[in-house]
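Worksheet for the structure shown next.
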Amino acid sequence: MNSLRDLPSVEQLLQHAAHLIETYGRPLTLDALRETLDDARARFKSDPQTVLPSLDLILAEAESRLAAWTKPTLLPVINASGVILHTNLGRAPLSRATIQAMSEAAANYTNLEYDLPKGKRGSRLIHAEAVLQKLLGVEAALVVNNNAAAVLLVLSALAHRKRVVIARSQLVEIGGGFRVPDVMKQSGAKLVEVGTTNKVRLSDYENELADAALVMRAHRSNFKIIGFTEEPDLKSIAETAHKAGVPLVDDLGSGALIDTARYGLAHEPTVQESLAAGADIVCFSGDKLLGGPQAGMIVGKKDLLDKVKKHPLARAVRADKTTLAGITATLLHYLKDEAEREIPVLRMMSLKPEQVRVRAEAWREALGEGDVIESKSTVGGGSLPEESLPTFVLALQVKSADKFLKRLREANPPVIARTENDRVLLDPRTVLDDDLFLKVLRETLNAYC
Ligand SMILES: *Cc1c(COP(=O)(O)O)cnc(C)c1O
């Protein structure tokens, strides 16, 4: 007859758990063994017919608990979706030099806030600033945690309890809960909306500029207003604002430093254009079209940036040493005119359909399955709405496309793909390692059929 006394004791289990203790440490292993034993007891109490687990079975069950408890939630995935700046997949993968710079900063002490020539305390603000000054010809720059923080900080520092004039057509939601009017309110700025949703004129601005602290322009990033519309260009908004002595802040979002039209895409406004048009401050992301690590860049006039740097929020949203190292390394690619060769998101955008087709065909060859068909890749990351790049994909006919997508997501590493007309489409454009991808795909296909 089964009896709870037949269960091994924790002490007995521990004697056989050296391999678990080695990997997971004693306290966690103890925890897992106790939980597994408790479970077995509870099962037995609710049904005395239950066969009690053996010592080996308890150890195995404890091991799966330990594996589940210690598995990181953040995993590398293979992006075969063809969406280059996939926000849900963490936006831009980084260049080799950027990864190297970040890992060196992470592994070592650095002169983050230490002035080496003087041998005393320095400022972390100088690190990316010099490169941004050189690259963009700006007087000053500040790198913070992300662009949402950049906008919040600029408004808090320059317009708390003051009026900020913005066109109604720009009071948009960018995605992920970033709503321009909400961020403005959070900063304590008084929002002054001018114009209508589709039509904004310079006179609308002129009427509201008296005692305004700032004029703000927010790039509409992820959507378009078409049809009966009118909006003055940035240069004339800047001139109008400056005539009234009011600085202009441009939230550019994606932060393109090179013209996306060269890839056959629409032209995404660049940081240089904003500055040339007269924006006194431009804010943009580090991990969108710029192709670097997550960061928010604030560039422009020194007198304004000085106030921004001194605001208490600047400390709360500051960039860490790895971000500063990574952003600097990515910006250096632009400075050295090697951005397209070195920065993965630019390389992906620059791939000709023919180059993608060659890879898709090599995939088909290697798998002995599927068809290579024309399709479209997109930029994503809240930039260039409605725009796409002609591409070629490997299309797989499987029993259930949705079930196969699920299997791909459960693979190691997970693969993210899309379906169309009940076929699974795999876009080489966004896949970084073809060999690894093919290995995972082959395994998944074999297990599925
Ligand atoms: C993406 C975007 C933001 C937010 O930038 P994060 O770096 O994601 O914080 C803000 N404003 C605009 C216009 C954007 O496109």
Side-chain angles (χ1 to χ4, degrees), residues 72-77 79 85-87 89-136 138 140-150 152-153 254-255 257 271 282-299 305 308-348 381 413 432-433:
T73 55
L74 184 65
L75 304 167
V77 306
N79 177 10
L85 290 166
H86 203 306
T87 298
L89 302 185
R91 294 193 185 152
L94 303 176
S95 78
R96 251 181 306 190
T98 304
I99 296 164
Q100 166 109 25
M102 292 178 84
S103 108
E104 267 172 24
N108 291 289
Y109 290 107
T110 63
N111 61 337
L112 180 64
E113 292 185 356
Y114 190 78
D115 186 327
L116 287 171
K118 292 193 183 137
K120 57 177 195 176
R121 194 196 156 114
S123 163
R124 77 169 62 211
L125 305 179
I126 63 158
H127 298 293
E129 186 169 41
V131 187
L132 283 162
Q133 283 167 331
K134 181 86 189 130
L135 187 64
L136 299 170
V138 288
L142 175 65
V143 179
V144 295
N145 184 58
N146 58 14
N147 189 36
L152 179 64
L153 172 60
S254 67
L257 293 181
V271 178
V282 183
C283 302
F284 54 100
S285 294
D287 53 346
K288 289 184 181 171
L289 285 172
L290 186 71
Q294 177 189 305
M297 333 284 275
I298 308 170
V299 301
L305 260 292
V308 171
K309 289 173 182 173
K310 283 198 201 102
H311 192 274
L313 252 190
R315 173 66 173 75
V317 300
R318 72 183 184 183
D320 78 317
K321 62 177 180 173
T322 57
T323 299
L324 290 168
I327 276 293
T328 305
T330 301
L331 290 170
L332 280 175
H333 291 312
Y334 289 93
L335 201 56
K336 289 152 70 180
D337 195 26
E338 59 182 25
E340 203 167 276
R341 194 183 72 217
E342 299 296 330
I343 298 178
V345 298
L346 297 183
R347 207 162 54 220
M348 288 173 190
L432 294 164
D433 181 340

Is any side-chain heavy atom of [X] less than 4.5 Å from a side-chain heavy atom of [Y]?
X	Y	result
V317	L152	no
L135	L257	yes
D287	N147	no

Please identify each residue that fulfils side-chain hydrogen bond (donor to acceptor under 3.5 Å, both in side chains) with H86, with sequence neighbours left out.
none
Look only at the side chain of [X] and the backbone of [Y], and say whether a donor-acceptor pair between them is shorter than 3.5 Å.
X	Y	result
H127	A325	no
D115	K120	no
N146	A149	yes

Please walk me through it: do M348 and L85 pass side-chain contact (heavy atoms from CB on, under 4.5 Å)?
CA-CA 10 Å; M348 288 173 190; L85 290 166; over 6 Å; no
As a quick check of understanding, evaluate side-chain contact (heavy atoms from CB on, under 4.5 Å) for L313 and V144, giving each step before the final call.
CA-CA 10 Å; L313 252 190; V144 295; over 6 Å; no
In Å and rounded to the nearest 0.5 Å, what is the [atom1] to [atom2] distance from [X] to [Y]?
X	Y	atom1	atom2	value
D337	L332	CG	CG	13.0 Å
E342	R96	CD	CZ	6.5 Å
E104	T322	CD	OG1	13.0 Å
T328	L132	OG1	CG	7.5 Å
T330	L346	OG1	CG	10.0 Å
H333	E340	NE2	CD	13.0 Å

Determine the minimum heavy-atom distance between [X] and [Y], stating which atoms define it.
X	Y	value
L94	G292	CD2-C, 3.2 Å
A314	L153	N-CD1, 3.5 Å
P293	T323	CG-O, 4.2 Å
F284	G255	CB-CA, 3.5 Å
T98	A329	CA-CB, 3.7 Å
P93	V345	CD-CG1, 3.9 Å

Run the side-chain contact (heavy atoms from CB on, under 4.5 Å) test on L324 and T110 for me, step by step, so that the C-alpha distance in whole Å, both residues' side-chain angles and the decisive distance to 0.1 Å come before the verdict.
CA-CA 11 Å; L324 290 168; T110 63; over 6 Å; no
Who are the salt bridge (charged side-chain N to carboxylate O under 4.0 Å, His left out) partners of E129, not counting sequence neighbours?
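Result, salt bridge (charged side-chain N to carboxylate O under 4.0 Å, His left out) vs E129: K309.
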Pairs satisfying salt bridge (Lys or Arg N to Asp or Glu O under 4.0 Å), at least one member in residues 313-322, at least two apart:
E113-R318
Apply the test side-chain contact (heavy atoms from CB on, under 4.5 Å) to residues L136 and M297: give CA-CA distance (whole Å), side-chain angles for both, the deciding distance (0.1 Å), then the verdict.
CA-CA 12 Å; L136 299 170; M297 333 284 275; over 6 Å; no
